[in-house]
Amino acid sequence: MDRRACAAPACLVFVHMFYPEPVSRLVLADLNPAQHRAATYGDGPLLAIAGAGTGKTKTLAARVAYLIDQGVPPERILLLTFSRRAAQEMLGRAGQMVGRTQVAKVWGGTFHAVANRLLRVHGHAVGVPPNFTVLDQSDCADLMNLIRTEQGWSESKRRFPKKDTLAAIYSRTVNTSIKLGQVLETWFPWCADDLDDMRGVFQMYLARKREQAVLDYDDLLLFWKALLQAPQAGELIAGSFDHVLVDEYQDTNALQADILASLRRSSRNITVVGDDAQAIYSFRAATVKNILAFPERFPGAEIVKLEQNYRSTPPILAVANAVMGEARQQYDKELWSRRPGEARPRLVTCLNETQQAQVVCDRVVEHLEQGIPLTHQAVLFRTGHHSDLLEVELTRRNVPFVKYGGLKFIEAAHVKDMLAFLRILENPDDDLAWFRVLQLLDGMGPRHAQAVLGQLRGQHSPGEARPNGALDRFLAEPVEAPVAASKQLDELRNALRDARSLGPAQRVERLRRFYDPVFERAYDNAAVRVRDLEQLEQLAGTYGTTRDFITDLTLDPPASTSDLAGPPLLEEDYLILSTIHSAKGCEWDVVHVIHAADGNIPSDMATGSAEEIDEERRLFYVALTRAKDWLHVYFPLRYYHRRHGRGDAHSYAQLTRFISPAVKAHFELDVVYDEQDSDALEAEAVARTPVDALLNQLWAD
DNA sequence: AATATCCGTATTTTT
DNA sequence: TACGGATATT
């Protein structure tokens, strides 16, 4: 049946009379009044404030389905999400309502992925060639470092910001659209003296990127914005979407808000969904202002609030609400739930990190025996390495797990190497890729690599269009290089020559024949890493072009190595370990939050300002609200310092400040160590220093 | 003189 | 993983 024929509601009723049940009816019957209002809102701007677990995904999915059902062509719907996973989830659900083939045409993905897609087609309008390659954050930092070194800053006596700081400052400036001087003053005051020199570095950074046809993450957004302002292309792109929907709007930045405004110059159909209480990405220049100012930027916006929580039991919500109730800024919503379940969240005080790891393992297994599979349980923590000890313990006990966040597949040196080969083939002007590849050869350090690169580029002064042909030149004529490298240089030449005419998977295969021997000498645990390369090769096989393969890999990197693993592994049951940031939008039956100590949550790195602490509080809130039925929060009393071989240097932790006495009252308090241990510990603490004794009293209650 | 190599140490969160 | 600093190698 052709649903697109029935555009008007009256027509739906008509269909209802003659067909068993029109799809949109089925969908909407399931929604509460607020969700229904959001899903079926007509034309014009719509702001949905959706608290944690209030069925946001369901509502947005229903809205997509509803729009399609109303006759909006799916390819004229743009759904911007925070991650690829979120887009897939939402479109998957919408697909169940109106059919997969329809939904497959919807433009869905992250801002960056959509920008990439548009720029491949329309980039010429803003001077972006279609074969551009994308720099990830560490590539940017590397490029900054290259310039930094060339400028002599690495040998200079004067302190000058390091590459990561430079990249962070640059990105912050771009994403906030604030002048460099003010950015330094506000967020990097210790670098304020370097303003002028930094300006020079950034100018060179820009010039380099342009001549190499590479874009960094920020460029994707900047050029998308520019594209929208270009006379013809802008009109064309803005006009090609009837509806724009944005998820997690609280975590978008000024640049993204500008893009949306440009995108909606004529049509006013825009839906944004978000929760100001869950804003946790200000370090990426996201600003809650976007969501707060939405009604002003899009006058006449309808505001819908989703407050009924379907995820968590009342006792879990009570804790979460109590934590947010003590926030400086008050949020005018409070979640409530009708879900059955009385199990109170548990606050587990452990002696130390080791015991914490053991108790977490114990409880995970208890829940497993109770019938809750590992995949329905998650351990959440503030930073990637917080799970180190736990990982060891889980491995020891043969509990399989998958870790999200932390060190990613794409950041592994050998994966970056392979990607660099592919980047050369895709975009021979990508000097960063050349630089990396050349240094893999024997006797080739930064100096020689630079020299070879100079030869490949030919005589060329900055700013001047370069003759296309670093790769052609490399394949055609020998280069001057250290003797030690000459044999490998020939092999590299052959590998690149052969690979050029092959498809993605065959390319990786051919390049590996060159790379594997190099790599086995370069890295110690080569055996483990080889598996990654095999997986990379396999993954490449699922792509039609190398271009798609490598951009996808940089824009939506697999969150964990197991993302790449084949079906057999995925069918197994495994525990989820995740940073709280990566846990956004997810939910589990059982959630274990570990390291709930001040210094970890809030992180020591983020206690500089009241705003930062507020964000840490929201982060803790996000962690708590991931739990459906059981919530365990763990707190180790004692932290050992980095082992220097001697003694047992340690310090005493304080329970996170976000669990105040009032909040604590909502918890079931678990003591998992002997009273004796605790007494001994206390005595020791008292004896050690008066300061520790004071601290000790603070949590002694 | 220019690189390569080894060692110890620190590292927030991510598109 | 990347760095700074030291030493070894060409």
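The basis for the numbers below is simple: all heavy atoms, side chains too, and nothing from hydrogens, waters or symmetry mates. Proteins get letters first, then strands, A, B, ... in listed order; numbering begins at 1 in each.
- For A:His581, counting side-chain heavy atoms from C-beta on, the closest listed nucleotide (B:dT12, C:dT1, B:dT13) is B:dT13.
- Listed nucleotides: B:dT13, B:dA4, C:dG4. Nearest to the side chain of A:Arg382: B:dT13.
- Computed from coordinates, the A:Leu255 CG to B:dT14 P distance equals 21 Å when rounded to whole Å.
- Distance from the side chain of A:Ser603 is smallest to B:dT12 among B:dT15, C:dC3, B:dT12.
- The distance from atom CG of A:Asp139 to atom C1' of C:dT1 is 14 Å, rounded to the nearest whole Å.
- A:Glu411 has its CD atom 12 Å from the C1' atom of B:dT15, to the nearest Å.
- Between A:Arg84 atom CZ and B:dT15 atom P the separation is 11 Å, expressed in whole Å.
- Positionally, the nearest nucleotide of DNA chain B for A:Gly443 lies more toward the 5' end than for the other of A:Gly443 and A:Ala606.
- Straight-line distance from the CH2 atom of A:Trp187 to the P atom of B:dT13: 21 Å, rounded to whole Å.
- Electrostatic pairing of A:Lys209 and A:Asp218 does not count as a salt bridge here, judged by no charged N lying under 4.0 Å from a carboxylate O.
- For A:Pro446, taking side-chain heavy atoms from C-beta onward, the closest of the listed nucleotides C:dC3, B:dA4, B:dT15 is B:dA4.
- The side chain of A:Thr383 contributes no N or O atom lying less than 4.0 Å from OP1 or OP2 of B:dT11.
- Here the side chain of A:Ala413 is nearest to one of B:dA4, C:dT1, B:dT15, namely C:dT1.
- Across all strands, A:Phe111 comes closer than 4.0 Å to no nucleic acid atom at all (heavy-atom distances).
- Remark: A:Arg208 does not engage A:Asp431 in a salt bridge, criterion side-chain N to carboxylate O under 4.0 Å.
- Taking only side-chain nitrogens and oxygens, A:Ser582 comes nearer than 4.0 Å to OP1 or OP2 of B:dT14.
- Look at A:Glu89 and A:Arg85 and you find no salt bridge, because none of the NZ, NE, NH1 or NH2 atoms lies under 4.0 Å from a carboxylate O.
- When both distances must be under 3.5 Å, the Watson-Crick or G-U wobble mate of C:dA2 is B:dT9.
- Rounded to whole angstrom, the span from the CG atom of A:Asp164 across to the P atom of B:dT13 amounts to 12 Å.
- When each of B:dT12, C:dA2, B:dT14 is scored by its nearest atom to the side-chain atoms of A:Lys163, the top-ranked nucleotide is C:dA2.
- Residue A:Arg85 contributes atom CZ, which lies 14 Å from atom C1' of B:dT15 at whole-angstrom precision.
- When each of A:Val288, A:Asp276, A:Leu260, A:Thr271 is paired with A:Tyr249, the side chain to side chain contact (heavy atoms under 4.5 Å, CB included) condition holds for A:Leu260 and for no other.
- The aromatic ring centroids of A:His112 and A:Tyr217 lie less than 6.0 Å from each other.
- In this structure, A:Lys162 places its NZ atom 11 Å from C1' of B:dA10, rounding to the nearest Å.
- Map A:Phe283 and A:His448 each onto its nearest nucleotide of DNA chain B; the residue landing nearer the 5' end is A:His448.
- C:dG5 and B:dT11 are spaced 16 Å apart, taking the P atom of each and rounding to whole Å.
- Between A:Ala653 and A:Pro636, the closest heavy-atom pair is CB-O, 3.6 Å.
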